[in-house]
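Take a look at the structure below.
These numbers come from the heavy atoms of this one structure, side chains and all, not from hydrogens, waters or symmetry mates. Order of the sequence lines sets the chain letters (A, B, ...), proteins ahead of strands, with each chain counted from 1.
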Amino acid sequence: MIDAASAIIGRAEGAESGGPAVSGPEPVPITLKVNGVTRTLQIEPRTTLAEALRGRLGLTGTKIACNRGACSACTVWLDGMTVCSCMILAIEVGARNVTTIEGLARGDALHPVQAAFIAHDAMQCGFCTPGMVMSSAALLERMPDPTAEDVKTAISGHICRCGTYPHVVAATLAAAKARKA
Amino acid sequence: MAADGTTRTERFPSGIASVGLGEVERQVPLDEPPPLPANALLAVIGKPVPRQNGRAKVTGATRFTVDIALPGMLHGRILRSPLPHAQLRAIDASAALGHPGVRAVIVVARPEDPAASVVRYIGAPVAAIAAVSMAAAREALRLIRVDYMPLPFVADMDAARAPSAPLVYDSASAPAGHPSGYPAAAGLPLNGNVRGPATGRRGDVAQGFAQGDVVIEGEYRTQVQTHCCMEPHAIVADWRADGLTVHMSTQFTAGVRHELAETFGLPLSRVRVIVDGMGGGFGSKSTLGNYGRIAVALSRQAQAPVRIMLDREEEQMDAGNRPGTWQRLRIGARRDGSLTAISLASYGTAGVAVGAGVGTVAEAMYACPNFEAAQHDVFINAGPGCAMRAPGNVPGAFGLEQAIDELAERLSLDPLVLRDRIDPSPVRREERRIGAERIGWQRRHAPGADPGPVKRGLGVAQSLWGANVQINSACEVRVMRDGSVEVLSSVQDIGTGIGTVLAQTVAEVFGLRPEEITIRIGDTEFPAGPPSYGSRTTASITPPARTAAWRVLQLLFREAALALNVAAGDLVARDGRILVRDEPNRGMSFRDAAARLRTDRISAVASRSDDYAGFRRRMEDAALARQDLGGVQFAEVAVDTETGIVRVERVVAVQDCGRPMNPLQIESQVQGGVLMGLSYALFEDRILDQHTGRMVNPNLEQYKLAGPRETPAIDVVVLENYQGQSATDAYGIAEPSNIATAPAIANAVYNAIGVRLRALPMTPAAILAALGKVPVRS
Amino acid sequence: MNRFAWVNARTIAEAAAAVSTTVADAMTASVDAAVPGATSVVKAGGIDLLDLLKENLLAPGKVVSLSQIPGLDAIDEDETAGIRIGSMVTLASLADNPVLQQRYRALADAVQGSASPQIRNVATLGGNLLQRPRCWYFRAEEYRCLRKGGGHCFAISGENQYHAIFNNQPCAIVHPSTAATALVALGATVELATAAGATRRVLLEDFFVTPDKDLQRENDLKPQEILTAIRLPPLPAGLRTAHLKQGEKDSFDWPLADVAVALELEEDGVCKKAAIVLGAAAPVPHRAKAAEAALVDRRIDEKAAKDAGRAALDGATPLAMNAFKLPLFEALVGRAILKAVARQ
């Protein structure tokens with residue numbers, strides 16, 4: 001169950017009469033916790049999380065490539081779980097922690113997956129890269145010692161036209177090793 | 001080249017490193033650097049240097065055009081034709097103009113202008129709006145009233161060739177072709193929807209066929225493929241009184257600048273094109289495009305910046321495509337394999353555009369004294385095709401390399417043995433040798449020999465790609481008094497990593513590390529660089545970069561020589577220091593040498609000189625190098641003959657690119673070319689509904705791209721092939737690595753199941769049909 | 001997407017009362033240009049709903065979210081020693097569930113590797129069962145097809161390579177839910193609730209609606225009804241189940257064909273009862289009755305499996321472009337049977 005109500009701030013029609021709270025269709029204020037920082041923003045209920053991140057919050061690291069959940073370029077974490085942010089409404093995120101690509105590194109210190117991606121040249125044009133990094137890093141959180149097949153499964157939702165899959169797999173396996181060491 | 005006082009004689013490494021290097025003598029212009037030794041002797045060139053913009057890419061910091069939001073920026077959206085062929089009778093945008101969020105409206109298709117009153121494909125631009133939000137733009141677009149008179153249309157190439165087919169164009173309206181012959185020659189005849197033929201000929205094929213002992217003949221079909229760049233086409237146009245600035249996801253900033261200047265009547269100096277992150281092009285983002293023109297026109301009208309970015313459906317329908325083709329090849333040969341005649345007829349469709357040929361492979365790959373070709377464009381009412389990663393040669397190789405395979409079988413020759421006999425290229429010979437060993441070619445069995453439902457096979461195919469050089473390429477190198485170094489060019493990095501290669505090139509000259517070089521590219525404020533298409537970027541810009549760096553180094557040497565009391569010619573740059581060559585413990589740091597400069601900054605601008613032994617052919621801003629790029633690929637497949645599923649298990653790709661500058665990035669490029677070729681071979685297809693002329697899969701879900709689970713093991717081997725033609729002797733690899741994959745897989749499938757697939761994509765439906773397992777409806 | 005208001009339902013009753021219509025009815029209403037914005041529809045995971053909204057196939061005035069309702073995302077043993085799966089359980093939770101992996105293996109097979117990890121993390125089983133078809137004419141607003149209330153099926157004479165090989169007149173859709181194939185083979189029932197608190201249970205196989213009964217919806221969900229749970233019956237002794245699917249690609253693709261089998265074997269290995277269900281074959285999950293009959297009272301070996309594979313094609317009426325599904329189904333049925341039998 002997702003505790004979304006607490007994150008919709010401001011009065012919503014219907015709450016007083018005992019029925020469920022109704023928000024919008026005009027813009028309503030919500031809070032989102034993104035990369036550890038709580039942000040307040042006005043969005044219409046139809047605004048996707050991807051649009052809210054890229055537009056309202058200026059976090060353009062998350063990319064929209066197909067806008068249909070078919071390519072995974074827009075992958076972010078909700079409480080550590082990978083989702084296509086173009087298929088999540090901002091209003092339904094609630095109190096869950098949103099982690100975007102901008103939130104992976106700790107200051108100057110890159111996440112092991114990010115460092116491995118550079119070392120293994122797991123990017124070319126770079127447009128699918130943020131999503132790939134998020135999927136790869138999420139995999140290592142729940143499976144610290146994956147096989148190449150495990151990595152392929154974890155990134156199986158991603159489309160990369162430049163063809164980085166072999167280097168992404170190599171980088172992810174290398175990052176797993178580096179984390180164990 | 002005669003010695004005329006402007007050149008000196010130099011000796012360059014020459015040949016294929018794995019075969020054995022020799023030397024070749026060249027005349028080098030006096031103001032160009034001495035020969036670069038083979039990679040083994042270099043410090044940073046030829047080394048797997050990590051991508052210099054890698055950190056920005058993995059942290060999401062790279063700004064792509066779709067990420068740019070300028071103050072007051074408006075959102076543009078294009079109204080597109082819902083019909084495949086229609087005459088515009090009226091268009092009324094007044095209601096849209098009245099929408100409170102709208103700031104500009106332009107009409108693209110105009111009923112009163114015969115040249116602009118007909119729309120010829122679903123998705124053709126009709127009008128456009130700039131509004132304060134994308135939502136407002138979409139709403140306002142719905143307010144535009146258009147009165148279309150539907151016209152008969154044709155959405156299939158074979159149907160379009162029939163004499164009774166609806167006409168896409170008449171002679172007045174048909175595209176004129178290109179004076180250079182690419183993508184399709186100017187002045188070719190038009191009969192109905194068929195334009196051409198573009199012909200080629202040498203010798204006498206009739207005689208050639210008569211001289212042969214065998215003739216094989218086959219027909220091949222390839223599908224329309226869309227580019228599927230992950231970043232959609234996008235432009236932010238900012239028209240101001242003092243000039244036009246455009247951010248664009250483009251493969252050619254300098255070229256777009258020219259187009260803008262011409263189209264809008266502006267001096268070049270008032271037009272600036274900028275790109276930082278660029279999310280893929282593959283040939284589709286080489287020009288200004290209709291959306292680019294529209295964005296600038298909207299910005300001019302609204303007097304505000306306007307961003308247009310295509311959504312995925314628009315990308316699939318109106319952002320270009322690789323034309324589909326049909327070809328018939330006849331090859332005559334003697335019993336020993338030597339070819340006596342090649343005859344090629346092809347028809348291809350680029351929709352409403354031209355350029356649907358099958359390339360140069362049949363003409364140029366193998367020794368054959370007699371050759372004829374007739375290539376035709378067929379117009380259909382579908383989105384315009386354009387160049388896509390090795391245009392022409394990709395479909396051409398699919399046909400030719402299977403035909404050669406078939407010939408080998410007819411002559412009872414191993415396909416590699418046949419190619420050894422008829423392929424004049426020493427580079428491909430070495431590539432075949434290396435690849436055969438890597439894949440284990442000796443394991444190859446007779447076609448269809450495996451028992452059981454899953455049958456495995458091995459196949460080989462090879463490629464040829466002209467090595468283009470953009471002569472109109474320049475690069476500036478600057479050294480600042482604090483020792484910092486910058487490289488500047490309008491060249492753009494579309495994912496190939498040219499920035500890193502430039503850093504390596506210049507670092508090598510200065511004896512610095514690539515990380516110490518600041519790369520400033522993708523801006524036409526900098527010296528005009530080459531496009532990132534045609535696999536020509538590296539060949540065009542690295543020589544000027546090295547030359548400019550070398551010239552700056554001479555200036556630095558002059559200062560250091562004074563301080564060290566030696567002649568400038570006695571100095572070398574190495575390991576971050578300027579040293580006396582014969583007394584290496586005498587010297588100073590690069591930084592100290594720079595501190596001695598008279599001014600804050602010294603720089604040199606160099607442009608791409610001619611290849612030292614000359615070019616094969618010159619075109620306007622470009623030229624063709626004497627030696628083509630090769631490439632040989634081997635594929636191992638497993639075909640499930642009960643389900644029709646083809647699994648490519650392994651590909652060995654042996655490629656060449658002159659001097660490989662960065663093996664890490666090159667490996668990425670080759671893997672990418674192989675995966676794109678695999679995807680083309682097995683999955684991709686732009687499917688048009690014939691009754692409505694509409695693409696039924698304008699998305700990334702039903703237009704199928706190879707994903708991680710389809711990825712085979714890919715072994716990449718890159719030859720070092722020195723030719724002594726320029727200051728770096730480096731060439732491109734993006735297109736060469738995409739050509740041989742599909743035919744290698746097709747030949748492997750034949751080896752696996754004993755049935756040849758002559759059409760792409762090789763879907764389960766196609767495989768099962770080829771195996772005779774699909775019941776035919778009566 | 002159109003502008004819609006957002007409702008966080010706190011209880012099932014609240015959700016059922018807030019919803020005005022099913023998505024299927026709302027889509028037909030949109031096409032018929034009834035009052036725009038008048039409808040309010042349910043959102044579970046939202047994967048199908050957002051796709052439909054983005055394609056302008058419906059324009060509801062309100063979207064009613066189920067995600068806050070407690071108890072809808074639980075997997076429990078129920079009173080019959082079967083399993084009760086809340087309708088909001090995600091496909092990822094299902095795929096990870098050890099009870100399914102041990103006992104209801106066909107369902108675990110079906111949801112593992114379907115779609116993508118990101119989709120599985122969000123998509124719910126209920127939403128998966130109720131999703132609308134993937135037919136590319138149906139999914140494009142430019143085509144006013146039969147199923148959306150128009151007058152013509154564009155697939156029958158058009159691009160029908162991915163469409164039905166059974167019962168494909170007058171509409172050629174295939175049912176899009178891979179999980180449904182397995183659930184029908186396992187004898188699942190669905191539980192539905194109204195605002196007034198009434199609940200009903202329907203055998204899933206009966207819950208799907210064939211085009212001859214109703215062309216404009218794939219299932220019997222009533223307006224203002226909420227799908228609350230999917231129940232699996234307790235397993236008979238000797239039950240072997242498996243599910244196989246094959247897409248054109250293995251990475252993130254809809255199946256060209258999928259098959260679920262549930263075989264009750266005697267101790268001597270003779271098949272007592274068989275359920276063989278074909279997905280991506282027909283507008284509803286298709287029971288291959290002739291294939292089932294081919295196995296009953298037989299010991300299952302390769303020959304039996306092959307015979308069943310052939311019999312599974314009984315009654316197929318392929319269209320111009322999808323006859324390749326016949327050999328594909330024949331192979332998958334045989335393989336699924338052998339896979340089930342090989343399991344302990």
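- Summarising the geometry of B:Pro708 relative to C:Ser251, their closest heavy-atom pair is N-OG, 3.4 Å, with the distance given to 0.1 Å.
- C:Glu55 contributes atom CD, which lies 6.5 Å from atom CD of B:Glu313 (distance to the nearest 0.5 angstrom).
- Contact annotation for B:Ala765: both backbone and side-chain heavy atoms come within less than 4.5 Å of a heavy atom of chain C.
- For B:Pro82, no part sits under 4.5 Å from any heavy atom of chain C, backbone or side chain.
- Judged by distance alone, the side chain of B:Glu710 and the main-chain N or O of C:Asp250 form a donor-acceptor pair under 3.5 Å.
- The backbone N or O of B:Thr763 sits nowhere less than 3.5 Å from a side-chain atom of C:Glu248 that would complete a donor-acceptor pair.
- Only the side chain of C:Asp253 has a heavy atom closer than 4.5 Å to any heavy atom of chain B.
- The choice from C:Glu142, C:Arg134, C:Met1 that makes the most heavy-atom pairs within less than 4.5 Å of chain B is C:Glu142.
- Interatomic distance, C:Leu328 CG to B:Ile645 CD1, rounded to the nearest 0.5 Å: 7.0 Å.
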Exercise. How far apart are the C-alpha atoms of C:Trp136 and B:Asp689, what are their side-chain angles, what is the distance that settles it, and do they pass the side chain to side chain contact (heavy atoms under 4.5 Å, CB included) test?
Worked result: CA-CA 10 Å; C:Trp136 42 34; B:Asp689 172 73; over 6 Å; no
For this session: Test salt bridge (Lys or Arg N to Asp or Glu O under 4.0 Å) on B:Asp640 and C:Arg335 and set out the steps.
Result: CA-CA 13 Å; B:Asp640 186 329; C:Arg335 293 179 189 185; 2.7 Å; yes
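- Taking NE2 of B:His691 as the reference point, atom NE2 of C:His152 lies at 6.5 Å (rounded to 0.5 Å).
- In this structure, no portion of B:Arg138 lies under 4.5 Å from any heavy atom of chain C.
- At a heavy-atom cut-off of under 4.5 Å, chain C is reached by no residue from residues 142-157 of chain B.
- Considering CD of C:Glu159 and CD of B:Gln702, their distance stands at 11.5 Å, rounded to 0.5 Å.
- Per-residue counts of heavy-atom pairs under 4.5 Å with chain C were compared for B:Leu771, B:Leu688, B:Val696; the largest is that of B:Val696.
- Atom CG of B:Asn699 and atom CG of C:Asp51 lie 8.5 Å apart (nearest 0.5 Å).
- When the candidates B:Arg647, B:Glu701, B:Glu139 are compared by the number of heavy-atom contacts under 4.5 Å with chain C, B:Glu701 comes out ahead.
- Contact count versus chain C (heavy atoms, under 4.5 Å) is highest, among B:Leu705, B:Val646, B:Ile767, for B:Leu705.
- Taking C:Ala140, C:Ala331, C:Gly334, C:Pro327 one by one and counting their heavy-atom pairs under 4.5 Å with chain B, the maximum is reached by C:Pro327.
- Between C:Gln246 atom CD and B:Glu642 atom CD the span is 12.0 Å, to the nearest 0.5 Å.
- By the 4.5 Å heavy-atom criterion applied to side chains, C:Gln161 and B:Ile687 are counted as neighbours.
- Residue contact with chain B, scored on non-hydrogen atoms closer than 4.5 Å, involves the side chain of C:Tyr137 exclusively.
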